[in-house]
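Heads up: the structure comes next, in structure tokens.
Each chain gets a letter, A, B and so on, in the order its sequence line appears, and its residues count up from 1. Please read all numbers here as calculations on a predicted model, not as lab measurements.
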Number of protein chains: 2
Amino acid sequence: MLIHQQKDIPTLIKDTGLVETRRRQIVQAAVDLFIQKGFHKTTTREIAGRANFSIGTLYEYIQSKEDILYLVCEFIHSEMEKQVKEAIKPAGTGRDTLKNAIDRYLRVCDLMQDHILLIYRETASLPGDSISYVLRNESRITGMFEDILTRGKDDGTLKLRHHRGITLIAHNITVLGHMWTFRRWFLKKAFTLDEYIELQTSLILNELSSHNGDGPP
Amino acid sequence: MLIHQQKDIPTLIKDTGLVETRRRQIVQAAVDLFIQKGFHKTTTREIAGRANFSIGTLYEYIQSKEDILYLVCEFIHSEMEKQVKEAIKPAGTGRDTLKNAIDRYLRVCDLMQDHILLIYRETASLPGDSISYVLRNESRITGMFEDILTRGKDDGTLKLRHHRGITLIAHNITVLGHMWTFRRWFLKKAFTLDEYIELQTSLILNELSSHNGDGPP
DNA sequence: TCGTTATGAACGAGCGCTCAATCAACGAGG
DNA sequence: CCTCGTTGATTGAGCGCTCGTTCATAACGA
């Protein structure tokens with residue numbers, strides 16, 4: 001399940017099972033606190049406290065506060081990918097699959113609003129070498145949409161005027177989900193989630209239908 | 001020029017002209033540093049230093065470090081709005097105006113990449129009451145696109161299938177510009193700015209042309 | 001000289017991180 | 001069955017330091 005290259009963080013503890021459970025606790029505590037107060041305003045003591053062990057123990061499982069941020073980002077991305085992957089079953093034509101995928105993806109984004117915002121806010125605080133890992137995670141999500149679009153292009157149910165369109169539209173769709181989270185102050189005033197999905201889906205599918213060019217000259 | 005409700009920050013200095021110049025210096029210094037290292041990792045001493053006065057003087061013109069962040073956000077938004085406003089001259093039909101506006105807007109976003117990212121990252125660190133000011137600034141930009149879309153709808157050069165479409169598409173366009181900045185790691189690998197503008201514009205204009213519905217049943 | 005502005009040493013709260021001490025579990029030796 | 005030593009996990013007081021903020025004093029200008 002979800003095997004991909006990860007950075008591994010040194011620990012002083014020998015029992016690998018224990019490392020796993022403790023780190024789960026750490027991440028759980030940290031996610032809550034980071035969402036609430038942000039990375040910089042959260043103290044290591046608070047994280048340890050909420051995970052129900054002492055500051056000393058915390059540092060047996062990580063080497064620095066930034067390691068915690070990395071673990072958190074990693075967790076959010078893999079959670080995101082897991083949820084989207086299991087929601088998107090290929091369904092008939094490429095077009096139908098896309099329609100379904102957008103729907104599921106946007107609902108996952110809605111559920112993970114705070115987590116997505118967290119990624120946007122705090123990724124920049126990661127040490128340089130961790131950032132590339134996080135970016136790789138991000139592009140796997142976009143890649144899923146590229147795959148679906150390619151299928152639709154191949155089976156003829158989706159039309160693309162520009163051959164570079166697949167990459168761009170895949171990014172657009174990905175960002176649509178993020179947009180719902182970081183513009184929720186505006187958007188939720190005007191739309192319910194269902195309306196948002198309905199409208200955005202119809203915009204995208206229209207782009208992908210055969211029609212004449214740029215309108216009147 | 002750009003009169004809109006702003007929060008005003010107390011100062012100990014009487015000479016209002018001096019307050020203005022010094023604050024300009026503060027903002028200039030802070031913007032550079034925040035972009036480079038982020039709000040939390042930048043110290044007040046660094047800001048004072050780069051603005052060429054002492055830490056004591058800094059605190060004559062603001063009350064807290066967060067005030068500086070507010071000034072910075074305010075500056076970025078008004079700069080953004082100024083640049084977009086002066087670039088967008090109504091040109092002929094609503095459709096042509098829109099085409100031109102998107103082009104100019106995306107170019108402004110490209111120029112202000114770092115500033116836009118800064119807003120995304122640090123807005124959350126503002127004290128609660130400042131946030132609403134920043135949000136108001138943001139919606140003025142989206143409002144400009146709403147106006148253009150409405151013009152196009154009225155003069156018949158832009159078609160909208162859903163009546164809620166104007167709001168949504170205005171948001172979509174706004175986010176298109178932001179997306180170019182916060183996904184530049186991906187996008188610049190695949191597209192030049194000109195290509196990006198060209199492709200996104202044609203996607204949007206297609207949505208706004210008359211055509212048949214959702215494709216084959 | 002008097003009001004206004006500038007200075008930077010000093011303050012002290014709070015932070016990330018360490019480490020000597022403690023505890024729990026377990027097995028070998030009597 | 002009871003020691004007692006060993007190993008590995010846990011603890012939290014404390015270290016060293018940074019940073020936001022203040023204030024007594026100096027400098028300046030009219």
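For B:Glu66 and A:Lys41, the salt-bridge test passes: some basic side-chain N is under 4.0 Å from an acidic carboxylate O. Under 4.0 Å is where a charged nitrogen must lie from a carboxylate oxygen, and between B:Arg23 and B:Asp67 no such pair does.
End-to-end axis angle of the helix from C:dT1-D:dA30 to C:dG30-D:dC1, from C1' rotation axes over five pairs per end: 10° (rounded to 10 degrees).
In this structure, the salt bridge (charged side-chain N to carboxylate O under 4.0 Å, His left out) partners of B:Arg183, at least two apart in sequence or on a different chain, are A:Glu138. Here B:Arg164 pairs with A:Glu195 under the side-chain hydrogen bond (donor to acceptor under 3.5 Å, both in side chains) rule; sequence neighbours left out. Annotation: ring-ring contact (aromatic ring centres under 6.0 Å, His included) contacts of B:Phe186 (sequence neighbours excluded): A:His171. Residues satisfying the side-chain hydrogen bond (donor to acceptor under 3.5 Å, both in side chains) test with B:Glu46, not counting sequence neighbours, are B:Lys37, B:Thr43. For B:His178, the ring-ring contact (aromatic ring centres under 6.0 Å, His included) partners are B:Tyr120, not counting sequence neighbours. Qualifying ring-ring contact (aromatic ring centres under 6.0 Å, His included) partners for A:Phe39, counting only residues two or more places apart in sequence or in other chains: A:Phe34. Under the rule for a side-chain hydrogen bond (donor to acceptor under 3.5 Å, both in side chains), A:Tyr59 has no partner lying at least two apart in sequence or in another chain. In this structure A:Gln200 satisfies the side-chain hydrogen bond (donor to acceptor under 3.5 Å, both in side chains) test together with A:Tyr196, B:Asn172, sequence neighbours excluded.
Atom CD in A:Glu60 sits roughly 10 Å away from atom C1' in C:dT18 (whole-Å rounding).
Nearest-nucleotide positions on DNA chain C for A:Gln63 and B:Leu58 put B:Leu58 closer to the 5' end.
Across A:Leu160 and A:Gly165, no two heavy atoms sit closer than the pair CD2-C, 3.8 Å. Closest approach of B:Pro90 and B:Arg151 over heavy atoms only: CB-NH1, 3.4 Å.
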Dump the pairs, protein N or O against N or O of nucleotides 8-11 of chain C, anything under 3.5 Å, distances to one decimal.
from   : atom 1 : to      : atom 2 : distance (Å)
C:dG8  : N7     : B:Gly56 : N      : 3.2
C:dA10 : N6     : B:Arg45 : NH1    : 3.4

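By the 4.5 Å heavy-atom criterion applied to side chains, B:Phe182 and A:Phe182 are counted as neighbours.
First and last contacts of DNA chain D with chain A, using any nucleotide atom under 4.0 Å from a protein heavy atom and ordered 5' to 3', fall at D:dG8 to D:dG14.
For DNA chain D, none of the residues of residues 11-34 of chain B falls under the heavy-atom distance limit of 4.0 Å.
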